[in-house]
Protein chains: 2
Amino acid sequence: MVKITDVARRAGVSPSTVSYALSGKRPISDETRRRVQAAVRELGYRAHVRARGGTGAGARVLALSVPLRSGVHVPVVTQFAVSVVTAARAHGHDVLLLTRDEGEEGVGRVAEAGLADALVVMDVQLQDPRLPLLRSSPLPSVLIGVPAEPDGLTCVDLDFGAAGELCVEHLARLGHRTVALVGSPPEVYVRRTAFARRLVRGFTAAADRHRLSSAVHPCGADRGAARALAERLLREQPAPTGVVVHNEPLLDPLTDAFEQLGLRIPADLSLVAVCPAPVAASARVPLTSVTVPAAELGTRAVHLLVQKLSGAPVPQVTLLPPRLTERASTGPRPV
Amino acid sequence: MVKITDVARRAGVSPSTVSYALSGKRPISDETRRRVQAAVRELGYRAHVRARGGTGAGARVLALSVPLRSGVHVPVVTQFAVSVVTAARAHGHDVLLLTRDEGEEGVGRVAEAGLADALVVMDVQLQDPRLPLLRSSPLPSVLIGVPAEPDGLTCVDLDFGAAGELCVEHLARLGHRTVALVGSPPEVYVRRTAFARRLVRGFTAAADRHRLSSAVHPCGADRGAARALAERLLREQPAPTGVVVHNEPLLDPLTDAFEQLGLRIPADLSLVAVCPAPVAASARVPLTSVTVPAAELGTRAVHLLVQKLSGAPVPQVTLLPPRLTERASTGPRPV
DNA sequence: GAGGTTCGTCGAAGCGCTTCGACGGGTGAA
DNA sequence: TTCACCCGTCGAAGCGCTTCGACGAACCTC
């Protein structure tokens, strides 16, 4: 293992000069800096994390808390995680993965043991058990998702309320008078997951504003549930002609179910998805959708964290505005 | 932050005694140990990782290298990753996540910077660019997957060769005479991913042994590709009556395509999947499958790594025997 | 009861790095 | 020319922990 003294010897300077040349925390002449950099390159030197002294520069590791709960769509979560890792690397940080039960206990462990020097928290619930820890911890953190009480925290999310409204407005503009929202599995609402609730609120508010009749149906993610729900929706009086789906794994099965019941999409029924763009575009029927910008949210979270680490002030809540992309699944209300 | 001297003061002993009482590396009287443990509990002490001296106990972090390449099925990879994290936690380790490009450069960085003290490597290719680094690195590692030259490495995997044979034997026993293997997308073979190749070899060998006519078809994972492939298979002379599918995202689309072409499963066509059990069981038609035991592989890998860390010898290659589970998608050859 | 063990504990050294205080040698102002 | 000052560099201290060597005290053994 090559250490700082090796580099110093090769560059003909003292170890502290090497340290300063690399960190830039004190002025170093161009000439010396060049020699140090050359030595670093030739020797393949890399500072040993666990030796960076008590104060000052951290481990350059950030922890990512992803409680992989049931009812969350794995590919979407993974997309978040990957974008966080990529963005973190771009800032010279590595990522420590905390899952499940680690969610709560892990946050404390990571903070106290100095394993990481910042924290990204995913799948935030309205009342999240991790919040007290986050507020009291000296570790800077950013949440992807907005809890009920965001005071003292930093959060990024899609504006799910506005997303719900946008879906309804799109359908209202197409003349639909009765709309339904097919949501996440019931356990997601029971957990009071933040984004799911916000979407419902936006959806309902916009429907009321436009005087549409509306209903909300949580739904499990299997084919049987899709079929049962489709039948139930068609039995309603009046039956919805515009359906918003916020449940990624259900998209294809629900499309199938409607078609098997004899409905053509979008001639007889319009479908709007709330999901990441690739999911909507590669569905069996390309779906008009409000995009959940998973990758951008991950990147944003890391940027905010880096800001905080450098001492810069950051906004408490960052909500990205929703964007609707029309594809093949929506059309005018059937006559 | 509470440090070891705080604990020592409270327990009325010296810091070194606390260290020994906690690590057990020297005999400590029961009485003293109890006092130390009490002090630790009362103060909520946790050893600061980055302070553990140069030699000796590591960071208790292991790195997980997951190059999320195209053509790999995200939920499956995630299942691996989660099982690795869970198993690692059970052994008191945390997990550092390395993705993509980090795959190669990341391995070196992690080793040299002392970020992790062991390494789990996923999605191994026959000639993997990470191998030279692994062989030369002092960092112990375990691969999930077996490369062409496993000398000097430690690998765990499902015995994909035997898995391929098992599929063919099942179909042969049911009287099928013509079989096909639908594999991963072409890029997976081009990359020479280890497990994909092994499956093909086992499949072909068993087919030859049973004097079945056989063919192998790589296939992309979208609906269009599924439809095209189904049509092509049916045009062959003779057309296969038993199809092995080793491509998770293609399972449902391919089933659909066959049924749309008028084939009933399993009356007209038998389908065997090679995939994790939950995927096979929750497919549109429950599929007879050879299980890829993702969770067990992750757990095994961590166990092996812990063994290596403790200096125990470990086998070079651990292959788990495949198991076939009959579900609704296979039956006797149509007459 | 003297000498040899073993047990339990302590102090000090050291890990590789960062950072603080100091210091020599230019440079600019008076 | 002298003094003050700043720039660039160095040596030493210190981070929180582990580990080595040492040392009293109790326990055997002849």
Side-chain angles (χ1 to χ4, degrees), chain A residues 1-37 39-40 43-61 92 109-117 138 309, chain B residues 1-37 39-40 43-61 92 109-117 138 309:
Chain A
M1 181 201 172
V2 34
K3 37 190 152 179
I4 202 171
T5 49
D6 300 332
V7 177
R9 199 172 318 120
R10 179 161 194 127
V13 295
S14 79
S16 50
T17 302
V18 174
S19 181
Y20 287 124
L22 294 178
S23 71
K25 297 201 176 168
R26 279 203 187 174
I28 294 288
S29 69
D30 281 2
E31 162 61 10
T32 305
R33 195 199 325 285
R34 252 192 300 279
R35 284 219 313 283
V36 169
Q37 280 163 352
V40 165
L43 267 47
Y45 168 75
R46 203 117 49 173
H48 190 111
V49 194
R50 278 160 54 214
R52 297 210 233 260
T55 44
R60 296 193 80 79
V61 170
R109 190 160 40 82
V110 158
E112 308 222 345
L115 274 168
D117 37 31
L309 281 172
Chain B
M1 182 201 173
V2 34
K3 36 191 151 177
I4 202 170
T5 48
D6 300 331
V7 177
R9 199 171 321 121
R10 178 161 194 127
V13 296
S14 79
S16 51
T17 302
V18 173
S19 181
Y20 287 123
L22 294 178
S23 72
K25 297 201 176 169
R26 278 202 186 173
I28 293 288
S29 68
D30 281 3
E31 162 60 8
T32 305
R33 195 197 327 283
R34 251 192 300 279
R35 283 216 314 283
V36 169
Q37 279 162 352
V40 166
L43 267 48
Y45 169 74
R46 203 120 48 175
H48 191 110
V49 194
R50 279 161 52 214
R52 299 208 233 260
T55 45
R60 296 193 81 78
V61 170
R109 189 161 40 82
V110 159
E112 308 222 346
L115 274 169
D117 37 31
L309 280 172

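To find a chain, count down the sequence lines: A is the first, B the second, and so on, and within it residues start at 1. Side chains are part of it too, since the values below use all heavy atoms of this structure and drop only hydrogens, waters and symmetry mates.
Comparing dG8(D), dG11(D), dG16(D) by their nearest atom to the side chain of P27(A) picks out dG8(D).
The distance from atom CG of L115(A) to atom C1' of dG16(D) is 15 Å, rounded to the nearest whole Å. Put simply, CZ on R33(A) is 13 Å from C1' on dC7(D), counting in whole angstrom units. As a whole-Å value, the separation of E31(A) CD from dG8(D) C1' is 12 Å. Atom-to-atom, OH of Y45(B) to P of dG16(D) comes out at 11 Å; the value is rounded to the nearest Å. Going from atom CD1 of I28(A) over to atom C1' of dT18(C) covers 13 Å, rounded to whole Å. The NZ atom of K3(A) sits 6 Å away from the P atom of dC15(C) (whole-angstrom rounding). Nucleotide dT18(D) holds its P atom 12 Å from the CZ atom of R60(B), rounded to whole Å. To the nearest angstrom, P of dG8(C) lies 14 Å from CZ of R35(B).
The base of dC7(C) does not come close enough to the side chain of Y20(B) for any donor and acceptor atom to sit less than 3.5 Å apart. With hydrogens and angles ignored, a donor-acceptor pair closer than 3.5 Å exists between the side chain of S16(A) and the base of dG11(D).
Where the helix from dG1(C)-dC30(D) to dA30(C)-dT1(D) starts and where it ends, the local axes point in directions that differ by 40°; five pairs per end, rounded to 10°.
Residue S29(B) is classed as a sugar-phosphate contact, given heavy-atom separations below 4.0 Å to backbone atoms only.
In terms of phosphate contacts, T17(B) brings no side-chain nitrogen or oxygen within less than 4.0 Å of OP1 or OP2 of dT9(C). Distances shorter than 4.0 Å separate some side-chain N or O of K25(B) from OP1 or OP2 on dT19(D).
Here M1(A) contributes atom CE and Y45(A) contributes atom OH; the two are 7.0 Å apart, rounded to the nearest 0.5 Å. The distance from atom CG of L309(A) to atom CZ of R60(A), rounded to the nearest 0.5 Å, is 9.0 Å. In this structure, S19(A) OG and R26(A) CZ are separated by 10.0 Å, a value rounded to the nearest 0.5 Å. Distance check: I4(B) CD1 to H48(B) NE2 gives 13.0 Å after rounding to the nearest 0.5 Å.
Residues L115(A) and V61(A) have side chains not in contact (no heavy-atom distance under 4.5 Å, counting atoms from C-beta outward). Proximity of D30(B) to R34(B): side-chain heavy atoms (C-beta onward) are separated by under 4.5 Å at one or more points.
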inquiry  = Would R9(A) and D6(A) count as a salt bridge (charged side-chain N to carboxylate O under 4.0 Å, His left out) here? Give the steps.
reply    = CA-CA 5 Å; R9(A) 199 172 318 120; D6(A) 300 332; 3.7 Å; yes

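Both S19(A) and R26(A) lie close to DNA chain C; mapped to their nearest nucleotides by heavy-atom distance, the more 5′-ward contact belongs to S19(A).
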